[in-house]
Amino acid sequence: MVMLSLPLITALLCASFYWRARWSLGYAPSYGNPDPKQLDWPVHQSLVMLGLVFLLPAMLSSFCLGGVLVYRREKLRGQVCMMLSVLIFGVFVLLGKVQVVGEFMAWILD
């Protein structure tokens, strides 16, 4: 279940970085305006990037852990772990289709 908290932490870090930039600049940041490195928040930006890098491995490992739990006859815990990982990953995929989130991802990965 600890691995399943990584997507929530990543989402909170991304949202806090966006709102911090919006508050600091006075307008919504967009692709190349300004570059995220120009905001001079290296620790916050590094945490966001680390969260995004480890998001997919955390989701895959939690799904595999659920499979191992089902195999070890702990069906309820295994199925809950697998279902939560699929649900959370699906939410992130759907959020990627939202224009505001897509613009943030293009801006932060710039």
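Hydrophobic cluster membership is shared by F17 and I9, with clusters built from Ile, Leu, Val, Met, Phe, Trp and Tyr side chains linked at under 4.5 angstrom. Grouping the Ile, Leu, Val, Met, Phe, Trp and Tyr side chains by contacts below 4.5 angstrom, directly or via other members, places W19 with L52. Cluster annotation: W41 and W23 are assigned to distinct hydrophobic clusters (Ile/Leu/Val/Met/Phe/Trp/Tyr, side-chain heavy-atom contacts under 4.5 Å, transitive).
L25 approaches P34 most closely through the heavy-atom pair CD1-CD, 3.5 Å.
In this structure a side-chain-to-backbone donor-acceptor pair under 3.5 Å is missing from S24 to R20.
If you take CG on L39 and CD on Q45, they are separated by 8.0 Å, rounding to the nearest 0.5 Å.
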Stepwise side-chain contact (heavy atoms from CB on, under 4.5 Å) check, Q79 with L69
CA-CA 8 Å; Q79 289 174 349; L69 288 174; over 6 Å; no
